[in-house]
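Written below as structure tokens is the structure these notes are about.
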There are 2 protein chains.
Amino acid sequence: MSEKVTIYDIAEKLNITAATVSRALNNNPKIKEATRELVIKTAAAMNYKQNKLALALKSGRSNNIGVIVPRIDSNFFASVIRGIEEELYPHGYQVIICQTHESIKRENENLHTLVDAQVDGIMMSVTGISDENDSAFRNVLEKNVPLIFFDRSKHIDGVSSVTINDFKGGYLATKHLIDEGCRHIAHLSGDQSLDIFKNRFLGYKQALLDNGLEFNEEYVIYVKSSVEAGKEAATALLALQTPPDAIFSSSDFAALGAIQELQNRNISIPNEFCVAGFSNEPFTKFMELSITSVDQSPLEMGKMSARVFLEQVDKTDTIKIEKKVVLAPELHIRKSSTRTNF
Amino acid sequence: MSEKVTIYDIAEKLNITAATVSRALNNNPKIKEATRELVIKTAAAMNYKQNKLALALKSGRSNNIGVIVPRIDSNFFASVIRGIEEELYPHGYQVIICQTHESIKRENENLHTLVDAQVDGIMMSVTGISDENDSAFRNVLEKNVPLIFFDRSKHIDGVSSVTINDFKGGYLATKHLIDEGCRHIAHLSGDQSLDIFKNRFLGYKQALLDNGLEFNEEYVIYVKSSVEAGKEAATALLALQTPPDAIFSSSDFAALGAIQELQNRNISIPNEFCVAGFSNEPFTKFMELSITSVDQSPLEMGKMSARVFLEQVDKTDTIKIEKKVVLAPELHIRKSSTRTNF
DNA sequence: AATAATTATGTAATCGATTACACGAAAGTA
DNA sequence: TACTTTCGTGTAATCGATTACATAATTATT
């Protein structure tokens, strides 16, 4: 019942060769129409299924693509993957997922494993901890496997990327807080080895300067993306001689933590204090005190990454294409920063 | 630079045959120690990488497993996948993900594609819309591919499953609402073709009966898992002659919608009305009015599914193993249902 | 020293599909 | 009729690794 039917079985039954069967099934124009029909009919009758592994070995293409993310159970990464899968599904690619848990070692292992498995492309969000050793990336490129960074990117020749304009995102959020009347705006940033955090920070800074506000080193705190870290940061900021009256956080989770801490101290949001986050996590709009946040359009980012991959694959691999797509961030203004509503 | 090194290249360089190289690399005991060392050293020097596709073709095992879920961008499914990936990583399996978007057609396509790609196992959460045609599942089993259902399961011979005790989850949540003094408890259920919803419903019903409360057909509403559906359901319930004083929802999203609707009508939670949800989505504990919910331990569910798979793979495939693992649900009691705190 | 037993390696088939090349048959041309 | 094209199919190599079987080389046994 479970015996596999091969083109040889079909060939034997029809008294022809496997080559003819193969050609008939692949719509090779050199095959007589009658033969083609007969083969196709017989193949269907015998429940023939092409052996993808044999095809992969012969062609060197596995029809799999690999996706590497820090972790999959975050709404952002899961949404990007959703976008990738949906865009690639009609093209017959399967998506293999790998998690790094922010470990460089794991990232390198995943890169090697994917190359060894002969995936046709790799899309990834790099892990934070900077590593001078680019050998794993180089290995990918040397094997001519298209590599695309999304969101968290690195500057490596030959690698395309799909990111959002984090500078603009930081700028928009900060400008909005200024417009709401905040004058002492603090910033929760993240791992500075990642461009995304550096750029959000720079956008924040520029918005301050463009609007005649002083940039204050003390107002910048580097945190992990967690509720707890946000609480601690808020505590630290409130202990300053001149505490801020707003926070722009590079992480929605840290923003939530800060809000919780502020509320514990009976500081009224948004009247006394405004908060804006980044990523537009689903919970930001669910909260009773909904949280203003910068949307990164993860679904679109995933689809775009997939499209960039499709453009690169099958191209004459002599010409290296390096495409940089930058998506526009979108500020979602909500209660945590809307004084005009009150 | 990117030419692939094969065992033939190594063999040629050492003036031996590929068979010897293969045996040396696979620690075959029949190989002279000196030869083995020489081969291994040379392989490393030449930067040899085993061609996984060739191995897969020869062995019939791809070292890939497939995971099919309705969608990946839900915290629950993403967490299960995380668990699967983490458990399988040390064993060298790669995880291919597929989404059905609740479409039977898509589910069947995914099943066939995965079988065609010769995955070594499939783990999935079935899609709701019931389908009498089990041929896609049968195809998987006929090909001797281990199949494991998690969370949303179906009764099919030869298929193992990892679920939680949904009956108990429904019972616990309802009992808790009763203990808080609620006497008219409504229930938001889901697609009745899925066991998970039926069982949560049955648990709810049994808790009512065990505690001398009447089961009222009018109090049961079938909703989609969305905020909007929860709002509509709450509206409908409040329009009843005797409106309920509590809701046990099979979905956290619907529970949230109901809460929002109740708050809009200035109904005080939990004093006048209690609400409990299901799934323990991250946002339930983030809310200012945190939501009581039943936890399904998705990470553990994923890991357990992976373990069941590992037990089944490599077993003499004459003996069909069918394992049913039922995890215990855990009720997380929060503000939305805790009158004693007030 | 002759034979048996053991050990290490080579030969060739296999997994299933694709495809360059060869060749016979049919059709077209002079 | 004889010769060139065209068409359809067969032959056999290939992708890269594994492995049953055969054989050569070495060691053990009497």
Side-chain angles (χ1 to χ4, degrees), chain A residues 2-40 42-43 46-64 92 115-120 143-144 314, chain B residues 2-40 42-43 46-64 92 115-120 143-144 314:
Chain A
S2 90
E3 310 140 26
K4 306 241 166 83
V5 178
T6 73
I7 52 172
Y8 295 94
D9 299 325
I10 299 172
E12 194 175 12
K13 171 161 271 182
L14 296 179
N15 259 318
I16 55 180
T17 52
T20 304
V21 175
S22 173
R23 283 189 277 248
L25 293 173
N26 286 294
N27 287 318
N28 185 313
K30 304 197 130 189
I31 289 293
K32 208 202 299 178
E33 195 52 34
T35 311
R36 182 198 321 288
E37 279 168 20
L38 182 61
V39 167
I40 289 174
T42 311
M46 295 175 76
N47 195 26
Y48 166 77
K49 290 285 165 54
Q50 188 189 45
N51 185 321
K52 295 285 167 53
L53 295 179
L55 181 59
L57 173 60
K58 189 69 174 78
S59 67
R61 314 181 78 255
S62 65
N63 271 295
N64 291 148
V115 171
D116 287 354
Q118 288 179 256
V119 294
D120 299 337
K143 296 273 166 39
N144 275 315
D314 283 336
Chain B
S2 91
E3 309 141 26
K4 306 242 166 86
V5 178
T6 72
I7 52 172
Y8 295 95
D9 299 323
I10 299 173
E12 195 175 10
K13 171 161 275 184
L14 296 178
N15 258 317
I16 54 181
T17 51
T20 304
V21 174
S22 173
R23 282 187 279 246
L25 293 173
N26 286 293
N27 287 317
N28 185 312
K30 304 198 133 192
I31 290 293
K32 210 203 300 181
E33 196 50 36
T35 310
R36 182 197 321 286
E37 280 169 19
L38 182 62
V39 168
I40 289 174
T42 310
M46 295 175 76
N47 195 26
Y48 167 77
K49 290 284 165 55
Q50 188 190 46
N51 185 320
K52 295 286 166 54
L53 295 178
L55 181 59
L57 172 60
K58 189 70 173 75
S59 68
R61 315 181 77 254
S62 65
N63 272 295
N64 291 148
V115 170
D116 287 354
Q118 289 179 256
V119 294
D120 298 337
K143 297 273 167 38
N144 275 313
D314 284 336

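Chain identifiers are assigned alphabetically (A, B, ...) following the order of the sequence lines, protein sequences preceding nucleic acid strands; residue numbering begins at 1 within each chain.
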Non-hydrogen side-chain atoms of A:N64 and B:N64 separated by less than 4.5 Å: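 A side-chain contact under 4.5 Å exists here.
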Any B:Q118 side-chain heavy atom under 4.5 Å of B:K143 side chain: no
Each nucleotide N or O in nucleotides 23-27 of chain D that has a protein N or O under 3.5 Å away: list the pair and distance.
none

A:N27 versus A:R36, closest heavy-atom pair with distance: CA-NH1, 3.3 Å
Nearest heavy-atom neighbours spanning A:A11 and A:T17: CB-C, 3.5 Å
Per-nucleotide protein contact string for nucleotides 9-18 of chain C, where B marks a base within reach and S marks sugar-phosphate only (heavy atoms under 4.0 Å, - for neither): BBB--BBBBB
Donor-acceptor contact below 3.5 Å, side chain B:T42 vs main chain B:I10: no
From CA spacing to verdict: side-chain contact (heavy atoms from CB on, under 4.5 Å), A:N51, A:T6: CA-CA 8 Å; A:N51 185 321; A:T6 73; over 6 Å; no
Test log, rule side-chain contact (heavy atoms from CB on, under 4.5 Å), inputs B:L25 and B:Y48: CA-CA 11 Å; B:L25 293 173; B:Y48 167 77; 3.6 Å; yes
